[in-house]
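In what follows, residues are counted from 1 in the order of the sequence shown. Heavy-atom basis, side chains included; hydrogens, waters and symmetry copies ignored.
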Amino acid sequence: MSSGVAARRDAKKLVRSPSGLRMVPEHRAFGSPFGLEEPQWVPDKECPRCMQCDAKFDFITRKHHCRRCGKCFCDRCCGQKVSLQRMCFVDPVRQCAECALVSHKEAEFYDKQLKVLLSGATFLVSFGNSEKSETVVCRLSNNQRYLFLDGDGHREIEIAHIATVQILTDGFPAGEKDIHAYTGLRRSQPASEGGSTRATGMFLQYTVPGAEGVAQLKLTAGDDAHGRRHAAAWLAAMHKAAKLLYESRDQ
């Protein structure tokens, strides 16, 4: 990948929306798959009362719109200003209590797990049904759209083309988070969670543009104790990322 292409993928611009300042991708096609679109605000004329406590709006009780859901509330029900990185807001923005709770939980992903994914970890990877494996460093791209696998060569898997992410723990599935919604496929039922067992690998199924069928690969942590801990942290972060991608279809 040339430096020019990488620069275009990562380029951003500052824009002002009715909700606040946002730092968005220069090109919409390079937007993060974790991102959410700004909602349409409920028109003022359609909300004479708070949509949470039913307080009537007047000169004293002013109406405010939640920047995450777009609904209309009084100041008491929509007084929190919380970081909303999934919509690329530069500063914390006003949100209702329900949305603020969700945004607080997502902040942990952006503050912790995302950094782990960007830094990468070392794995043994096998492609397709091959028993042959090679050592690769797997990491999320800076614009969050691709998984980069660097070993004997360089491979890229677009997040939007991933069909299934299955985290393996001690040889057993810890939990499967299907993100078929991003490729128009049906949702499959997730497997049961694996408790506190440590993640040891990951199984991916994904589509390749221009190719028929579904490709697959398996990542496995190496034998080095330090490397295994690092890999386990990366896999746990990937599990949260897959869950976030899947759940974003319902928001």
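- The shortest distance between side-chain heavy atoms of Lys81 and Asp91 does not fall below 4.5 Å.
- The backbone N or O of Asp58 lies less than 3.5 Å from no partner atom in the side chain of Thr61, so there is not a single donor-acceptor pair.
- The distance from atom CG of Leu219 to atom OG of Ser133, rounded to the nearest 0.5 Å, is 10.5 Å.
- For the atom pair Leu204 CG and Leu147 CG, the distance stands at 6.5 Å (nearest 0.5 Å).
- In the hydrophobic clustering of this structure, Phe203 does not group with Tyr206; members are Ile, Leu, Val, Met, Phe, Trp, Tyr whose side-chain heavy atoms approach within less than 4.5 Å, directly or through other members.
- Expressed to the nearest 0.5 Å, how far CG of Leu244 lies from CZ of Arg86 amounts to 4.0 Å.
- Counting heavy atoms from C-beta outward, Arg145 and Pro33 have side chains that approach closer than 4.5 Å.
- Aromatic ring centres of Phe34 and Tyr110 lie farther apart than the 6.0 Å criterion allows.
- Residues passing the ring pair (Phe, Tyr, Trp, His ring centres under 6.0 Å) test with His64: none are found, sequence neighbours excluded.
- Looking only at distances, no side-chain donor or acceptor of Lys71 sits under 3.5 Å from a matching main-chain atom of Met51.
- Between Phe73 and Cys53 the shortest side-chain heavy-atom distance does not fall below 4.5 Å.
- In this structure, Arg155 places its CZ atom where only 12 or fewer heavy-atom neighbours from other residues, nucleotides or ligands lie under 6.0 Å away.
- The one candidate from His239, Met238, Glu108 that meets the side chain to side chain contact (heavy atoms under 4.5 Å, CB included) condition with Gln113 is Glu108.
- Across Cys69 and Cys96, no two heavy atoms sit closer than the pair SG-SG, 4.1 Å.
- Side-chain contact between Ser19 and Val93 is absent, with no heavy atoms from C-beta onward closer than 4.5 Å.
- In this structure, Gln95 contributes its side chain and Val82 its backbone to a donor-acceptor pair below 3.5 Å.
- Between Arg68 and Glu106 there is a salt bridge, since at least one side-chain N of the basic residue sits less than 4.0 Å from a carboxylate O of the acidic one.
- Within the 3.5 Å criterion, the main-chain N or O of Gly70 finds no donor-acceptor partner in the side chain of Trp41.
- Note on Arg67 versus Glu38: no salt bridge recorded, every NZ/NE/NH1/NH2 to OD/OE distance being 4.0 Å or above.
- Annotation: side chain of Arg94 is in contact with side chain of Asp75 (closest heavy-atom distance under 4.5 Å).
- Contact annotation: the side chain of Met87 approaches that of Leu36 to within less than 4.5 Å [non-hydrogen atoms, C-beta and beyond].
- Residue Val137 is not grouped with residue Val116 when hydrophobic side chains (ILVMFWY) are merged at heavy-atom distances under 4.5 angstrom, including chains of intermediate members.
- For the pair Thr220/Leu168, no side-chain contact is recorded, criterion being any heavy-atom separation below 4.5 Å from C-beta on.
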Identify every side-chain donor-acceptor pair in residues 122-130 under 3.5 Å, counting partners at least two apart or on other chains, and give the distances.
unit_1 : atom_1 : unit_2 : atom_2 : d
Asn129 : OD1    : Gln216 : NE2    : 3.2
Ser130 : OG     : Lys132 : N      : 3.1

